[in-house]
Amino acid sequence: MQIQSKLPNVGTTIFTVMSGLASELNAVNLGQGFPDYPMSEELIEHVNEAMKKGFNQYVPMQGYMPLREAIAEKISFLYRTNADAQTQITITPGGTYAIYTALTTILQPKDEVIVFEPAYDSYIPNIEVNGAKAVRIDLKFPDYSIDWDEVRRKLSAKTRVIMLNSPHNPTGAVLRENDIKELRSVVRDTNIIIVSDEVYEHLIFDNIPHQSILRYPDLMERSFVCFSFGKVYHCTGWKLGYCITSPQLMIEFRKVHQFNCFSCNSPAQVGLASYLKNKESYLSLPSFMQKKRDYFQELMKKTKFTPLPSYGSYFQVYKYENISDEADKDFAIRITKEYGVATIPVSAFYQEGTDHKTVRFCFAKKEETLQIAVERLMKIK
Ligand SMILES: Cc1ncc(COP(=O)(O)O)c(C=O)c1O
C-alpha cells in the first residue's frame, strides 16, 4: 500500500534510542522525564474510592465538572484570575494532547508559528501535520532566554501563533516579568494566538513566581494555556491534563476535542477533584522538586560536568567541555555504554541539531537513583 506521509521528516527519535539503550544496558535512566519515586498515596486512595463508588463511565466531554471547578478555584487563588469552569476549562488526555488540539484548532495551511529552540519534540510535528510552518528561533545560549528583537524580525503577515514553554524543557529556563512585557508589545494589535505550555507549572524554584499567562487577562483572551496533572503530581502514566482559554476560543477547541478523544479517564478526574481541594497538594510541589534539584547539583559537583542553571521543570543541562569535545549525541551514547548513565543530548531538541556540547539530566528521581548515577559519572576522566 502506498500512502503519502504527513510527517516525512519524522523518524525514530533520540529519546527512543536512549531509553532503548538504557534498558538494554541496565543503565540508570536520567534521560527520559518521569519520576521513579511513588506518587501521593492520598491521591491514589481518592481514585480508588472513585472507582469503588462507581465513577467508571464517561464524564462529560468538557471534563468532570467538580474538577473544572477545583481548577478554577486554584487559578483564582494562585493567579487572581477568573476562569469559568463551564466555558473556559477542558480536561484533556495530557498536556501534549492539549497543545496538539490547540494548534489544530487554530492553524490553517501555510500559517507560521514561532517556536523557540531547543523545543519539546511534539511542537514542530504538531504544526507540520496541520500544513503550517514552524519559524524557529534559538533561545540565547547559555541562559536560554528569548531574543525578542529576533522575534520582531521573524514576524510576518502569516504569523498565527507564538509557542511558549515555561518552566522550560529541556533547559529549566523560566519566563520573567520582562518577557511578558515584551510579549505584550509583540502581540498588541495583531491576530496572533499564544499557545503556552505550562506543564511544569508548580515545578519552579528559588521563590521565582511562575509567569503563567493566566495572570494576564489581556494575554489570556488570545491564549491556549496547557497543563499536565501527570507532570506535576508524579504520575506521568495517567496522561491527564487540561487547557484553559477564552470562551470564544474554547468553543472551537472543543469542536476538535469532541471528535478525537471525547472524554477522559473518569476516576482519575474524580480523585483529582477531591485532591485539589487541599491547597498543600500543589503548594508543596516547588520545594519538593527544588530539594531534588539541589541534591543532584550538590552530588554533581564531584564530577567534571559544568552546570547551567535550572530554575524549574524536572531538568538540568550540563556542559561536558572538561571531559570531551565529542558531538553531544556521540557523548551521550558513549557514557550510557561505558558508564551506565543515560542522558539526552540537547541537540535533539533542535531541528538542525545545534550542538552546544550539553546533555540534559532528569533529576525527578529517588535520591538513591541520583546517587548511583553520580557515582558512575564521577568515574569519567
Ligand atoms: C514541555 C512539555 N510539554 C508537554 C509534555 C507532556 O505532558 P503530558 O505527559 O501531560 O502529555 C512534556 C513531557 O515531557 C513536556 O516536557
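We count ligands from 1, going down the list as the structure has it; atoms in each ligand are counted the same way.
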Quick one: does T236 get an N or O within less than 3.5 Å of an N or O on ligand 1?
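No, since none of the N or O atoms of T236 sits under 3.5 Å from an N or O of ligand 1.
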
Indicate yes or no: does an N/O atom of Y123 lie under 3.5 Å from an N/O atom of ligand 1?
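There is no such contact.
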
Got a salt bridge between E252 and K255, using NZ or NE/NH1/NH2 to carboxylate O under 4.0 Å?
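Answer for the salt bridge query: yes.
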
Of the protein's non-hydrogen atoms, which lies at the shortest distance from [atom], and what is that distance?
atom	value
atom 9 (O) of ligand 1	K239 NZ, 3.1 Å
atom 7 (O) of ligand 1	T96 OG1, 3.7 Å
atom 2 (C) of ligand 1	D197 OD2, 3.3 Å
atom 4 (C) of ligand 1	Y120 CE2, 3.4 Å

Report the part of Y200 (side chain from C-beta onward, or backbone N, CA, C, O) that has a heavy atom under 4.0 Å from ligand 1; answer both or neither where that applies.
side chain

Which is it for L240 and ligand 1 at heavy atoms under 4.0 Å: side chain, backbone, both or neither?
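Neither part.
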
Which is closest to atom 13 (C) of ligand 1 by heavy-atom distance: K231, Q32, H168?
K231

Is T171 close to F349 at the side-chain level, that is, under 4.5 Å between some pair of heavy atoms?
no

Are V270 and P267 side-chain neighbours, meaning at least one heavy-atom pair lies under 4.5 Å?
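They are not in contact (no side-chain heavy atoms under 4.5 Å apart), so the answer is no.
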
For [X], take its heavy atoms, then give the atoms of ligand 1 lying under 4.0 Å from any of them.
X	answer
N165	1 (C)
G95	7 (O), 8 (P), 10 (O), 11 (O)
N169	1 (C), 15 (C), 16 (O)
G94	10 (O), 11 (O)

Kindly indicate, with the supporting measurements, whether the criterion side chain to side chain contact (heavy atoms under 4.5 Å, CB included) is fulfilled by T96 and Y120.
CA-CA 10 Å; T96 313; Y120 178 56; 3.2 Å; yes

Are [X] and [Y] in a cation-pi contact, defined as NZ or CZ under 6.0 Å from the six-membered ring centre and within 45° of the axis?
X	Y	value
K74	Y282	yes
K304	Y318	no
K291	F296	no
R215	Y79	no

Steps toward ring-ring contact (aromatic ring centres under 6.0 Å, His included) verdict (Y144, F116):
CA-CA 9 Å; Y144 296 108; F116 299 103; over 10 Å; no

